[in-house]
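Each chain gets a letter, A, B and so on, in the order the sequences are listed, and its residues count up from 1.
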Number of protein chains: 2
Amino acid sequence: MNEYYQSAYKPLLAIDCVIFGYEKGELKVLLTRRKVDPYKGAWGLATGFLHYGESLHYAAERVLKKQTGLDRIFMEQLSTFGEVDRDPEARVISLVYYSLIKVESQDEEALEKNQAQWFPITALPKLMFDHETMIQMSWGKLRRKSRYQPIGFELLPEKFTLPELQSLYEAIHQKQFDKRNFRKKILATGLLKKLDEKQKGVSKKGAYYYVFEEGKYDELISQGFNFELKSMAFGS
Amino acid sequence: MNEYYQSAYKPLLAIDCVIFGYEKGELKVLLTRRKVDPYKGAWGLATGFLHYGESLHYAAERVLKKQTGLDRIFMEQLSTFGEVDRDPEARVISLVYYSLIKVESQDEEALEKNQAQWFPITALPKLMFDHETMIQMSWGKLRRKSRYQPIGFELLPEKFTLPELQSLYEAIHQKQFDKRNFRKKILATGLLKKLDEKQKGVSKKGAYYYVFEEGKYDELISQGFNFELKSMAFGS
DNA sequence: GAGTTAAAATGTTATTAAAATATAAATGTA
DNA sequence: TACATTTATATTTTAATAACATTTTAACTC
């Protein structure tokens, strides 16, 4: 390695993960208490430093796995934060990923071990550093993305009803949609498969369960079908 | 600084800049030849390592200033690239910014000094590392963004005609638009001010010049007006 | 200097998507 | 058995997009 590389400044690189979940009709974020001084005990995002020989993507998966016990999580880069004194203790560049998990499939043990806790996105505690900004930006990205891509399914169980899916969208957008228009638009994508089974115990009539057909989605994408251009506005 | 920070691995952090320009009806990218071994002389993006005590944003501005001689350039973070062997010589994490400049206002001297050269985006030379991917992703972001935000003006001179603006959009999207619909939509935003002056020497009739009213844009944004929801499709 | 030409500017119609509104069907409960 | 609730389907209205037609302007030609 020559002088060009040798002489350059090297900052610390942290991976911070915004973990979204959906529970009891609310969009939630998984937070954890900081384990080291200074600011020990402060609420913040799941985090870890990049390790030697590890790709960014892999590092994010490692942090997520440690926090939730889950593998193969939907995950995407948000942005990189690098204000000089964002961490007053040292110069740390933070690469932020946001992820969507199915709350019911998470590892309770991992949660407890990390002193992690779910918070409704509308009622977050005071957070350390710039983590509040990271969460708000992630939420914004989730809102925008969910309008053009079938991304919400990552937050729901395998099978779900249309009223449940609508509630999720309403939690993400903090806005009521018209149920008739919502149903029409969602079904028009052709990405949902109706099951023969009805949900029991929630409503009198009972709503049919649906599953998201990932295969069909991949197929349409590979055919050059562009969901990004089909907006998803559901009326009032 | 305690053990938690002290023991962590520190990678190199590079800032790579995709610089877009518009010239002679074509969308172009400013490239430069690498000045150090290995791969000395290979084409690539304007680049620089993060300096001690410098914010990411500032570092990007520094790299841009050095390459183009220009200040106050429109600039936005694209993404961060961190495959382990993306630079075979050392572990370098690359933070990519893309920027839009007015070609006619650039500093020719800075160009020459950096052995920099404009390439049409449709005819790029072989590029080092993952720079080709960075450019393609930036172009994608520019395409998406230009549909929802009045971003194209950054690439044009202060005053421009509507046919010129349309040609720019066509270069960005690699697609022909209907001139009547284009004009209607663009003017409907209320962001353009017609000047009394006509362009001479290009067409017989001559097209009126317009300027982009940044003030009006900021005003609408601050009033909560959301351009992001107003799509900009221009027909055929 | 009247007629020709090419591009700019303005205007209209058809099509499609979104929003709003109306009605019917299923099932647990009174 | 009728009542209430919410699921499911269908229709109308409105607005946005796409497609198409005409007029205006000024340089150029003969």
Chemist: Let me know the distance between CG of A:L187 and C1' of D:dA8, rounded to the nearest Å.
Modeler: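 Result: 10 Å.
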
Chemist: Take the protein atom CD of A:Q166 and the nucleotide atom P of D:dT6, then report the distance between them rounded to whole Å.
Modeler: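 From A:Q166 CD to D:dT6 P: 13 Å.
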
Chemist: Mind jotting down which residue pairs meet the side-chain hydrogen bond (donor to acceptor under 3.5 Å, both in side chains) criterion with at least one end in residues 100-109 of chain B? Sequence neighbours excluded, please.
Modeler: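 side-chain hydrogen bond (donor to acceptor under 3.5 Å, both in side chains) check on residues 100-109 of chain B returns B:Q106-B:W118.
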
Chemist: What side-chain hydrogen bond (donor to acceptor under 3.5 Å, both in side chains) pairs are there with at least one residue in residues 199-212 of chain A, not counting sequence neighbours?
Modeler: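 Of all non-adjacent pairs touching residues 199-212 of chain A, those that pass side-chain hydrogen bond (donor to acceptor under 3.5 Å, both in side chains) are A:E164-A:Q199.
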
Chemist: Below 4.0 angstrom from OP1 or OP2 of D:dT17, is there any side-chain N or O of B:K185?
Modeler: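 Yes, such a contact exists.
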
Chemist: Under a 4.0 Å N-O cut-off, is there an ion pair linking A:K159 with A:E197?
Modeler: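 A:E197 and A:K159: salt-bridged.
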
Chemist: Could you pull out all residues at least two apart from A:E76 that satisfy side chain to side chain donor-acceptor pair (under 3.5 Å)?
Modeler: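 A:E76 satisfies side chain to side chain donor-acceptor pair (under 3.5 Å) with A:Y98, A:K145 only.
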
Chemist: Report the distance from atom OH of B:Y209 to atom C1' of C:dA7, rounded to the nearest whole Å.
Modeler: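 To the nearest whole Å, that distance equals 15 Å.
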
Chemist: When every nucleotide of nucleotides 21-30 of chain C is labelled 5' to 3' by its protein contacts under 4.0 Å (heavy atoms), B for base, S for sugar-phosphate only, - for none, what sequence of letters results?
Modeler: BB--BBBB--

Chemist: Provide, to the nearest angstrom, the distance between the CD atom belonging to A:Q176 and the C1' atom belonging to C:dA19.
Modeler: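 Value for this atom pair: 16 Å.
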
Chemist: Could you give the NZ-to-P distance, from B:K179 to D:dT17, as a whole number of Å?
Modeler: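 In whole Å, D:dT17 P lies 21 Å from B:K179 NZ.
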
Chemist: Whole Å only: how far is the CG atom of B:L162 from the P atom of D:dT24?
Modeler: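 Atom-to-atom, B:L162 to D:dT24, this comes out as 20 Å.
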
Chemist: In whole angstrom, what separates B:F182's CZ from D:dT17's C1'?
Modeler: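 The distance from CZ of B:F182 to C1' of D:dT17 comes to 15 Å, rounded to the nearest Å.
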
Chemist: Under the side chain to side chain donor-acceptor pair (under 3.5 Å) rule, collect the residues that match up with B:R143, sequence neighbours excluded.
Modeler: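 If we apply the side chain to side chain donor-acceptor pair (under 3.5 Å) test to B:R143, skipping adjacent residues, there are no hits.
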
Chemist: Quick one: ring pair (Phe, Tyr, Trp, His ring centres under 6.0 Å) partners of B:F212, sequence neighbours excluded?
Modeler: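 If we apply the ring pair (Phe, Tyr, Trp, His ring centres under 6.0 Å) test to B:F212, skipping adjacent residues, the hits are B:F153.
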
Chemist: Between atom CD in B:Q199 and atom C1' in D:dA27, what is the gap in whole Å?
Modeler: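 From B:Q199 CD to D:dA27 C1': 14 Å.
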
